[in-house]
Amino acid sequence: MSTLSIRDVLAGKAPVGSSTTIRGWVRTRRDSKAGISFIHVHDGSSFHTIQVVAPKELPNYEADILKLGAGCSVICTGEVVASPGREQPVEIKATAVQVVGWVDDPESYPMAKKAHTLEYLREVAHLRPRTNTIGAVTRVRHCLAQAIHRYFHEHGFFWVHTPIITASDAEGAGAMFRVSTLDAMNPPRTAGGKVDFAQDFFGRESYLTVSGQLNVETYCMALSRVYTFGPTFRAENSNTSRHLAEFWMIEPEVAFNDLAANADLAEDFLKYIFRAVLNEQPDDMKFFADRVDKECISRVEKFVGSRFERMDYTEAVARLERSGEKFEFPVSWGIDLQSEHERYLTEKLVGRPVVVMNYPRDIKAFYMRQNDDGRTVAAMDVLAPGIGEIIGGSQREERLELLDRRMDEMKLNREAYWWYRDLRRYGTVPHAGFGLGFERTIIYATGMANIRDVIPFPRTPGHAEF
RNA sequence: UCCGGAGUAGCUCAGCCGGUAGAGCAAGCGGCUGUUAACCGCUGGGUCGGGGGUUCGAGUCCCUCCUCCGGAGCCA
């Protein structure tokens with residue numbers, strides 16, 4: 001006799017006729033007056049539940065089994081048998097059903113045996129992993145994370161754990177959360193009356209990181225191919241289905257790569273991880289296609305099978321202007337592309353993923369490499385049908401003089417970036433990288449509509465309860 | 001933050017021109033059945049988001065605040 005995951009039992013690791021034990025939580029119970037109860041048990045190991053058939057001869061049939069409901073935890077032992085029912089290949093003919101934990105008030109148990117809206121489930125984030133949907137999201141999230149590490153590992157990248165606390169301000173990536181141990185009610189003051197952050201824990205103002213890029217560049221200048229994969233924080237008051245205050249980001253950085261190589265990497269990488277989801281989580285993807293988004297499998301298959309279009313920003317603007325489409329925000333050279341423009345480009349104009357390259361320098365960050373035309377930088381965005389921007393990246397400015405000039409123009413303090421500037425002083429090389437929002441990637445693969453449902457405990461303005 | 005929509009039973013919602021609260025699901029009990037979104041019957045379950053106002057009377061009309069959802073901006 002062995003204790004197996006439900007996934008393993010359904011996969012045939014316990015042959016028909018053998019005895020096995022499974023452990024998990026009850027989804028549903030149905031009784032037959034022929035003297036048996038059908039108990040569906042899940043343990044998260046796969047999308048499917050297993051059907052445990054409990055006969056009335058069990059000593060605790062009346063006392064326990066007839067009282068089982070959704071959420072109760074059980075340990076079930078019995079013989080694996082071929083199921084007469086159509087819905088499952090095998091089931092467990094129970095010789096023992098031990099109730100480990102009851103649900104103390106079934107009527108008010110938030111995860112009752114019925115469909116719940118995702119909005120409601122967010123209010124019970126501690127119990128929602130028990131649902132089909134959140135379970136499937138969790139397994140796909142894991143699969144993508146594993147595929148990301150595997151891709152980079154197989155391609156000679158090293159995972160660099162960049163810091164979560166940073167003193168680098170003004171990276172231009174958005175508002176930051178302050179990290180401080182000062183008494184917020186009564187902080188120490190300087191002679192001038194300002195808060196004296198010299199007395200703070202780090203001896204200076206510090207924040208939660210908005211990007212690991214600047215730090216990871218230092219390792220890129222020694223280990224050549226590196227990436228970060230960790231949490232990132234933005235204190236923006238964003239209330240949308242695509243933004244979180246705490247999210248996970250993947251940022252590869254490659255020495256000697258130019259913008260074209262950067263785009264090639266983004267394309268190869270994205271296709272690899274989406275292929276992994278299709279291959280490794282077919283049951284979960286089928287669930288998403290059935291219940292969440294009919295198109296999700298075909299969309300991912302198409303994404304994996306199509307060549308990404310490359311287009312200069314200048315050309316993209318010209319084609320948007322010529323499109324005859326009425327946009328809420330008019331297009332002209334020099335503006336940043338709006339969501340509606342990006343969607344038009346990738347969904348209508350091209351019908352495939354598009355890499356838009358070489359943006360006007362005035363709308364992009366100081367570290368992006370300046371092109372010879374004097375007005376654009378070697379930036380790129382990967383736009384995907386159905387979601388818009390999925391990746392933002394660039395070739396970095398490796399020439400100290402040009403970097404300094406740009407920092408001056410943007411009124412950034414050179415001193416504060418002394419170590420970043422050092423990389424350009426000591427053996428500088430061209431290099432490039434990009435950032436991929438992990439949760440947005442999950443949204444794309446699963447068809448889930450709201451980013452708050454693809455991260456276990458979403459942090460958004462006003463929300464950090466769980 | 002701006003624009004729009006919505007807060008009524010555990011959940012999802014209906015509730016007309018103001019007259020004192022409804023359904024489905026869930027839950028409990030019973031019936032039936034190798035069941036599987038089970039089915040049939042019965043029962044319990046409500047500070048109608050909070051506060052204020054108009055009115056003989058407010059779930060319904062007005063003001064205000066709060067919360068949630070969608071879209072936009074910021075971005076990943």
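Below, all heavy atoms of this structure are taken into account, side chains as well, without hydrogens, waters or symmetry copies. Within every chain, numbering begins at 1; the chains are lettered A, B, ... in the order of the sequence lines, protein sequences first and strands thereafter.
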Handout entry: In C56(B), glycosidic geometry as syn within 90° of 0 or anti otherwise
Key =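 Classified anti.
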
Handout entry: Face-to-face contact Phe247(A) to A76(B) six-ring, under 5.5 Å, under 30°
Key =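 So yes, this residue stacks on that base, both cut-offs being met.
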
So which nucleotide from [options] ends up closest to the side chain of [X]?
X         : options                : value
His40(A)  : C25(B), A76(B), U36(B) : U36(B)
Asp336(A) : G34(B), C75(B), G70(B) : C75(B)
Ser83(A)  : C69(B), G34(B), A76(B) : G34(B)
Arg242(A) : C74(B), C11(B), A76(B) : C74(B)

Is there a side-chain polar atom (N or O) of [X] under 4.0 Å from OP1 or OP2 of [N]?
X         : N      : value
Asn239(A) : G73(B) : no
Arg30(A)  : C39(B) : no
Gln88(A)  : U36(B) : no
Arg27(A)  : A37(B) : no
Thr240(A) : C74(B) : no
Ser238(A) : C74(B) : no

Exercise for the section: Report yes if the distance between the aromatic ring centroids of Phe274(A) and Tyr444(A) is under 6.0 Å, otherwise no. Expected result: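 Yes, close enough.
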
Could you check whether [X] gets within reach of a base, just the sugar-phosphate, or nothing at all, counting any heavy atom under 4.0 Å?
X         : answer
Arg122(A) : sugar-phosphate
Ser241(A) : sugar-phosphate
Lys113(A) : sugar-phosphate
Gln51(A)  : base
Tyr120(A) : sugar-phosphate
Glu119(A) : sugar-phosphate
Ile390(A) : sugar-phosphate
Pro84(A)  : base
Glu91(A)  : base

Would you measure the distance from the [atom1] atom in [N] across to the matching atom in [M] and give it in whole Å?
N      : M      : atom1 : value
C61(B) : U55(B) : C1'   : 10 Å
A58(B) : U47(B) : C1'   : 15 Å
A72(B) : U64(B) : C1'   : 26 Å
G49(B) : G34(B) : C1'   : 47 Å
U8(B)  : G59(B) : C1'   : 7 Å
G19(B) : C25(B) : C1'   : 31 Å
C39(B) : G15(B) : P     : 26 Å
U54(B) : C13(B) : C1'   : 29 Å

Does the distance from a Lys or Arg side-chain N to an Asp or Glu carboxylate O, for [X] and [Y], drop under 4.0 Å?
X         : Y         : answer
Arg452(A) : Glu439(A) : no
Lys286(A) : Asp284(A) : no
Arg128(A) : Asp453(A) : yes
Glu397(A) : Arg406(A) : no

Handout entry: Matching residue for His149(A) among Tyr272(A), Tyr227(A), Phe158(A) - test: ring pair (Phe, Tyr, Trp, His ring centres under 6.0 Å)
Key =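 With His149(A) as partner, ring pair (Phe, Tyr, Trp, His ring centres under 6.0 Å) holds for just one option, Tyr227(A).
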
Exercise for the section: Run through Tyr151(A), Phe152(A), Phe157(A) and flag the one making a ring pair (Phe, Tyr, Trp, His ring centres under 6.0 Å) with His155(A). Expected result: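 Option passing the ring pair (Phe, Tyr, Trp, His ring centres under 6.0 Å) with His155(A): Tyr151(A).
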
What integer distance in Å separates [X]:[atom1] from [N]:[atom2]?
X         : N      : atom1 : atom2 : result
Leu121(A) : G10(B) : CG    : P     : 17 Å
His116(A) : G10(B) : NE2   : C1'   : 9 Å
Asp105(A) : A9(B)  : CG    : P     : 17 Å
Met111(A) : A27(B) : CE    : C1'   : 15 Å
Leu127(A) : G10(B) : CG    : P     : 17 Å
Lys114(A) : A23(B) : NZ    : P     : 16 Å
Asn237(A) : C2(B)  : CG    : P     : 9 Å
Arg29(A)  : A27(B) : CZ    : C1'   : 12 Å

Side chains of residues 380-391 of chain A: which donor-acceptor pairs under 3.5 Å do they make with residues two or more places apart or in other chains?
from: Asp381(A); atom 1: OD2; to: Tyr359(A); atom 2: OH; distance (Å): 3.2

Given that both distances must come in under 3.5 Å, which nucleotide forms a Watson-Crick or G-U wobble pair with [N]?
N      : answer
A27(B) : U43(B)
A14(B) : none
G7(B)  : C66(B)
U1(B)  : A72(B)
C32(B) : none

Handout entry: Contact nearer the 5' end of RNA chain B, comparing Pro110(A) with Arg343(A)
Key =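 Its nearest nucleotide being more 5', the pick is Pro110(A).
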
Exercise for the section: Nearest-nucleotide wise, let me know which of Arg452(A) and Asp381(A) is further upstream toward the 5' end of RNA chain B. Expected result: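 Result of the comparison: Arg452(A).
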
Handout entry: Nearest atoms (heavy-atom pairs only) where Pro55(A) meets Tyr61(A)
Key =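 Heavy atoms of Pro55(A) and Tyr61(A) come nearest at O-CD1, 3.4 Å.
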
Exercise for the section: Flag the pair Ile451(A) / Ile443(A) as yes when at least one side-chain heavy-atom distance between them is below 4.5 Å, and no otherwise. Expected result: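 Yes; the side chains approach each other to less than 4.5 Å.
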
Practice task
Could you run through nucleotides 45-50 of chain B and give me one letter per nucleotide, 5' to 3': B if any protein heavy atom sits under 4.0 Å from the base, S if only the sugar-phosphate is that close, - if neither?
Solution key: ------

Exercise for the section: Measure distances between side-chain N and O atoms of His243(A) and base N and O atoms of C75(B), and say whether any donor-acceptor pair falls under 3.5 Å. Expected result: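 Under the 3.5 Å cut-off, the side chain and the base do form a donor-acceptor pair.
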
Exercise for the section: Identify which one of Gln51(A), Arg27(A), Gln88(A) satisfies the side chain to side chain donor-acceptor pair (under 3.5 Å) criterion when paired with His40(A). Expected result: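 Answer to the side chain to side chain donor-acceptor pair (under 3.5 Å) test with His40(A) among Gln51(A), Arg27(A), Gln88(A): Gln51(A).
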
Exercise for the section: Would you sort out whether Thr232(A) and Arg234(A) count as a side-chain hydrogen bond (donor to acceptor under 3.5 Å, both in side chains), showing the intermediate values? Expected result: CA-CA 7 Å; Thr232(A) 306; Arg234(A) 302 279 166 86; over 6 Å; no

